[in-house]
Amino acid sequence: MREDLVNIIRDALGRARSEGAISMEAIPEISLEIPKRKGQGDFATTVAMTLSRTTGVPAREIAEIITRYITPLPSIIEGVEIAGPGFINITLKKSFWYRMLHEIIAAGNDYGQSNIGKGLQIQVEFVSANPTGPLHVGHGRGAAVGNAISNLLERVGYRVEREYYINDAGNQMKNLALSVYARYLNMLGSDQSFPEEGYKGTYVDDIARSIIDKEGRKYFDTPKEETFRIFSKIAYDQIMSGIKEDLTVAGIIFDSWFSESSLFAGKKVDESISELRSKGYIYEDEGAVWFRSSAFGDEKDRVVRKGDGEYTYLASDIAYHKNKLERGYDQIIDIWGADHHGYIPRMEAAIEAFGYPRKKLKIILSQMVNLVREGRPVQMSKRAGEFITLREVIDEVGPDAALYIFLTRRPDSHLDFDLEVAKKASDENPVYYIQYAHARLASLAREAEKRGIAVEGSNAPEPWNPGTLELLELPEELDIIKRLYLYPDIIEAAAEALEPHRLTIYLHDLSWSLHNYYYKQRIIDDNIEKTKARLMLMKTIKIVIADALKILGVTRPEKM
RNA sequence: GCGCCUGUAGCUCAAAGGACAGAGCAACAGCCUUCUAAGCUGUGGGUUGGAGGUUCGAGUCCUCUCAGGCGCGCCA
């Protein structure tokens with residue numbers, strides 16, 4: 001449809017040119033935007049202002065010429081106006097909007113779906129927190145963002161795989177085992193000192209205690225090597241199952257879990273480094289092995305294998321990304337905590353070193369979350385092991401509020417998360433505004449059904465009759481139709497930009513339209529035909545709100 | 001010191017390079033014998049951190065500068 005409008009304008013320009021009204025070399029791209037304010041039409045184009053630059057003719061003059069060539073007005077257009085510095089504002093006929101609504105209703109639950117993704121495969125890797133402790137709030141934000149982005153991409157026709165990369169190799173696992181072991185010994189009366197780099201959280205104590213509960217003093221005297229292996233496994237299992245449980249509570253599901261240590265076991269790290277070596281991007285210096293990332297714009301080269309023969313984290317990360325590349329996705333998206341931003345150049349260097357375009361990998365940074373309570377920062381010290389976990393936050397405020405707050409901001413903006421605000425079932429909490437709209441519509445449908453004019457539900461008689469929708473004549477009603485019409489655009493734009501917060505803004509606006517309308521206009525009254533028309537409109541809003549909330553991972557209450 | 005992110009209303013945040021920079025919250029003033037008041041209506045509130053530049057047009061792009069956060073390991 002927008003295509004139709006663009007064509008109409010392009011035709012007008014074409015005729016204006018061939019008749020010599022405007023001289024220009026080529027017909028430029030025709031922009032078509034939706035004006036912010038009322039009274040500026042349904043659509044607007046800035047093409048006159050753009051042309052003003054190349055032709056030297058004042059924008060308003062060009063706009064007038066274009067307008068002249070648009071007449072006689074095509075059937076869907078109500079009027080064309082020139083405004084401001086040279087905008088051409090186009091207003092469509094009401095009949096057009098009724099037709100749109102009809103189409104939206106016909107699309108039903110599929111409304112908003114598109115196929116700009118054309119079935120291309122995208123892998124989104126997110127959370128990927130180390131299995132050395134429970135998830136914190138920052139991970140929660142990454143989880144919310146990754147989940148919403150994945151859902152968005154799916155909605156516009158990509159095939160999406162959600163993956164969690166488990167860093168279950170390296171020193172950290174050793175440290176974890178040592179930490180648990182030290183606590184274990186302490187609890188059994190030993191004065192074993194706690195490791196310097198150990199993990200101090202209370203969850204470590206819990207793991208130690210669970211071992212005592214099950215196996216008592218069994219490991220008090222056993223040879224350490226063996227003990228560490230066992231402790232590492234027990235700790236890993238408990239922490240991973242905790243992480244999975246937290247994610248489940250948040251409603252976030254992964255398609256695959258990829259283990260770092262499987263890369264080592266399968267010699268994939270060796271292979272990756274060898275491949276880079278054969279391409280000339282690996283060299284030895286000062287007893288270490290280096291990756292020549294500076295060849296691809298990194299500020300310096302990076303060590304992949306240390307002097308002691310151990311691989312660095314970067315080495316396995318390179319192998320992991322090589323593996324991802326070989327799995328043949330059309331696009332790889334990583335969602336990282338913003339504190340890892342320094343890693344971007346070296347990761348991109350690795351992608352290019354393997355011969356893939358840099359664009360193959362898109363890294364989204366999810367900024368830090370500051371926990372706040374009533375405006376005051378919540379003290380946290382990772383070193384002392386004192387921090388508030390994601391689970392505690394979710395238990396306190398509920399998953400919907402947590403997810404929604406994470407998603408109302410751009411991923412790369414710093415975020416203060418106020419626990420008291422998130423907890424309140426009040427105006428201050430944005431998620432309720434939307435959910436309330438949904439619940440309100442559900443209640444309305446129930447009420448209608450009770451009175452025998454259901455338009456929803458399995459056995460609802462379809463009240464369709466071509467003229468019914470035209471009874472929606474109020475400006476508020478047309479407003480709502482126009483907003484609903486925007487939905488697929490919003491989804492596509494949010495998916496393309498990988499910015500789920502656009503959806504929350506839209507949801508707020510749509511919910512406002514509903515609440516405002518609901519207050520002004522009684523939906524169910526004695527005029528059955530009008531009631532049906534209004535109920536159809538309400539049903540459509542509900543479908544859209546539900547769809548958007550689903551994409552964001554937020555529940556859609558039928559009652560509140 | 002270098003690099004990345006962010007500076008927009010009292011607070012939290014929006015705004016494909018487009019029209020008079022918008023929402024929510026907070027403040028103040030109103031609205032429930034009616035389908036959900038977790039709602040609605042109204043009022044006040046701004047030199048978009050600052051200075052230059054590009055452009056017909058800049059919160060948005062470029063340069064400089066100030067402030068905050070985060071990085072700058074042969075840690076992960």
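Keep in mind it's a predicted model, so treat the numbers as computed, not measured. Proteins get letters first, then strands, A, B, ... in listed order; numbering begins at 1 in each. Side chains are part of it too, since the values below use all heavy atoms of this structure and drop only hydrogens, waters and symmetry mates.
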Can you check whether [X] has a side-chain N or O nearer than 4.0 Å to OP1 or OP2 of [N]?
{"X": "A:Y432", "N": "B:A38", "result": "no"}
{"X": "A:S511", "N": "B:A38", "result": "no"}
{"X": "A:Y506", "N": "B:A23", "result": "no"}
{"X": "A:H515", "N": "B:A37", "result": "no"}
{"X": "A:R410", "N": "B:C5", "result": "no"}

Problem set entry | Close residues, residues 488-500 of chain A, relative to RNA chain B [heavy-atom separation under 4.0 Å] | none
Exercise. With pairs taken as Watson-Crick or G-U wobble and both distances under 3.5 angstrom, which stems of at least three consecutive pairs involve RNA chain B?
Worked result: B:1-7 with B:66-72, B:10-13 with B:22-25, B:27-31 with B:39-43, B:49-53 with B:61-65
Problem set entry | Ring-base stacking, A:F87 with B:A19 (5.5 Å, 30° cut-offs) | yes
Exercise. Under 4.0 Å between a Lys/Arg side-chain N and an Asp/Glu carboxylate O for A:R556 and A:D400?
Worked result: no
Problem set entry | Distance, C1' atom - from B:G50 to B:A37, rounded to whole angstrom | 46 Å
For this session: Could you check whether the rings of A:Y320 and A:Y165 sit parallel, tilted or perpendicular, using 30° and 60° as the cut-offs?
Result: parallel
Exercise. Mind checking whether A:F291 and A:Y281 have parallel, tilted or perpendicular rings, split at 30° and 60°?
Worked result: perpendicular
Problem set entry | salt bridge (Lys or Arg N to Asp or Glu O under 4.0 Å) assessment of A:R277 paired with A:E284 | CA-CA 10 Å; A:R277 190 188 300 272; A:E284 261 115 86; 2.8 Å; yes
Exercise. B:U36, B:C40, B:A14: which one has an atom nearest the side-chain heavy atoms of A:S413?
Worked result: B:A14
Exercise. Is it true that A:F417 and A:F406 have ring centroids separated by less than 6.0 Å?
Worked result: yes
Output a table of nitrogen or oxygen pairs between the protein and nucleotides 53-59 of chain B separated by less than 3.5 Å.
residue : atom : partner : partner atom : Å
B:C56   : N4   : A:R53   : NH2          : 2.7

For this session: Determine, step by step, whether A:D479 and A:K38 satisfy the salt bridge (Lys or Arg N to Asp or Glu O under 4.0 Å) criterion, reporting the C-alpha distance in whole Å, the side-chain angles of both residues, the deciding distance to 0.1 Å, and the verdict.
Result: CA-CA 10 Å; A:D479 256 17; A:K38 287 177 186 174; 3.0 Å; yes
I'd like a table of atom pairs between the protein and nucleotides 31-33 of chain B - only N or O on both sides, under 3.5 Å - with the distance next to each one.
residue : atom : partner : partner atom : Å
B:C31   : O2'  : A:Y519  : OH           : 3.2

For this session: Using a 4.5 Å cut-off on heavy atoms from C-beta on, say whether the side chain of A:V156 contacts that of A:L152.
Result: no
Problem set entry | pair A:L419-A:V393: side-chain heavy atoms closer than 4.5 Å | yes
Exercise. Using a cut-off of 4.0 Å on non-hydrogen atoms, how would the nucleic acid contact of A:L415 be classed: base, sugar-phosphate, or nothing?
Worked result: sugar-phosphate
Exercise. Can you list every salt bridge (Lys or Arg N to Asp or Glu O under 4.0 Å) pair that touches residues 299-312 of chain A, not counting sequence neighbours?
Worked result: A:D298-A:R302
Exercise. For every nucleotide of nucleotides 68-76 of chain B, 5' to 3': is a protein heavy atom under 4.0 Å from its base (B), only from its sugar-phosphate (S), or from neither (-)?
Worked result: BSBSSSBSB
